[in-house]
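Let me begin by presenting the structure, written as structure tokens, before commenting on it.
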Amino acid sequence: MKSIAVFTSGGDSPGMNACLRAVVRTAVYHKLDVYGIRYGYDGMINGDFVKMSASSVANIIHRGGTILKTARSKEFMTPEGMKKAAEQLNKHSIEGVIAIGGDGTFRGAVEFRKHCNIPFIGCPGTIDNDLAGTDYTIGFDTAINTAVNAIDKIRDTAESHNRIFVVEVMGRDAGLIALYSGLGAGAEGILIPETKNDLEVILEKLSRSRSDKKSKIIVVSEGDEAGGAFAVSEKIKENFPGADVRVSVLGHIQRGGSPSCMERVNAGRMGFAAVDALMQGRSHEMIGIVKGSISYTPFANAVKLQPEPDADFLRMGKILSS
Ligand code: F6P
């Protein structure tokens, strides 16, 4: 193998740059040519390839976002788009590709295999932590710390005014950001899409809550079946007409910021392992970290089997929030 390419795709996440740095420097160490593809699959289609060197990834380990830029490509989802992308990879004599992204990125890679037989290896980059085959995705640790810091601040004002705050966090289909940030912030209620009827449970709990603690924090995942924070807040007001309820939607601040140390180290491990995997002849697998060790999961399984939240976690959350 002489030449590989790397790209970031889908929603950016803190730590993508640390992963990219590891990919480029490992490839350079093995005397491989390495190209960065800008703007994800869109850049692959448009031939937006840049030759990278060890120095082109200097001073990025601490930066959020992705220096390669990213996109959610619609054109790549068409056979014509995939054909163009394959032509560009062949034109640049690319023999292996490393994709840093989430479920959409890996679903794209599975489909692309029908049009292009160049090996692909994935590194899980998404704040949602919603891929099977890894305990951890790049960006999750930083995102939950960003969320918990914001909720701590909201707690100060909630407590001063005896208010109920409904805080919405990201996680389109997965509630792990809500679960971890809610547990970390000591929230009185956590609503996630993986468990049904949590709103009824929370309303019931509010009706018998301790009189010495009037402020409450309810963390709701954007993907919860009860709707977003505004819908939840309306339900609370309907049930408790006297309650002073406010909403805070944390939004994209959870996607930005300098990655945590854990994020940088794990992202580096996965980028390093991804180059090794390509050199060993592996293909269409996602690198993960399971119980502290590097793991390999076929893309199709990584996107199919959504990790379920640990039942002990859910039970602990209910008991500690009383
Ligand atoms: O997948 C990561 C994520 O941040 C989700 O949590 C969120 O639902 C989505 O991306 C938002 O995507 P966009 O920035 O394209 O609106």
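Only a predicted model underlies this, so the values are computations on that prediction, with no experimental measurement involved. Atoms within a ligand are numbered from 1 in the order they appear, just like the ligands themselves.
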**OP:** Could you tell me if the ring centre of Phe313 sits under 6.0 Å from that of Tyr180?
**Re:** yes
**OP:** Of all the heavy-atom pairs spanning Glu95 and Lys2, show the shortest one and how long it is.
**Re:** OE1-N, 2.7 Å
Subject >> Those atoms of ligand 1 less than 4.0 Å from some heavy atom in Glu222 >> reply: 5 (C), 6 (O), 7 (C), 8 (O)
Original post:
Starting from atom 13 (P) of ligand 1, which protein heavy atom do you reach first, and at what distance in Å?
Top reply: Arg72 NH2, 3.6 Å
Original post:
Which residue holds the protein heavy atom closest to atom 6 (O) of ligand 1, what is that atom called, and what is the gap in Å?
Top reply: Asp128 OD1, 2.7 Å
Original post:
Relative to the ring of Phe120, is the ring of Phe7 parallel (under 30°), tilted (30 to 60°) or perpendicular (over 60°)?
Top reply: perpendicular
Original post:
Against heavy atoms of Gly171, which atoms of ligand 1 measure under 4.0 Å?
Top reply: 6 (O)
Original post:
Between the side chains of Thr142 and Arg264, does any donor sit under 3.5 Å from an acceptor?
Top reply: no
Subject >> Proximity to ligand 1 by part of Ile127, non-hydrogen separation under 4.0 Å >> reply: side chain
**OP:** Calculate, to the nearest 0.5 Å, the distance between atoms SG and CE belonging to Cys116 and Met44 respectively.
**Re:** 8.0 Å
Original post:
Heavy atoms only: which of Arg255, Arg172, Gln254 is nearest to atom 3 (C) of ligand 1?
Top reply: Arg255
Subject >> Residue His252 vicinity, atoms of ligand 1 by number, heavy atom under 4.0 Å >> reply: 13 (P), 14 (O), 16 (O)
**OP:** Please determine which of Asn266, Leu176, Asp130, Asp128 meets the side chain to side chain contact (heavy atoms under 4.5 Å, CB included) test together with Phe140.
**Re:** Leu176
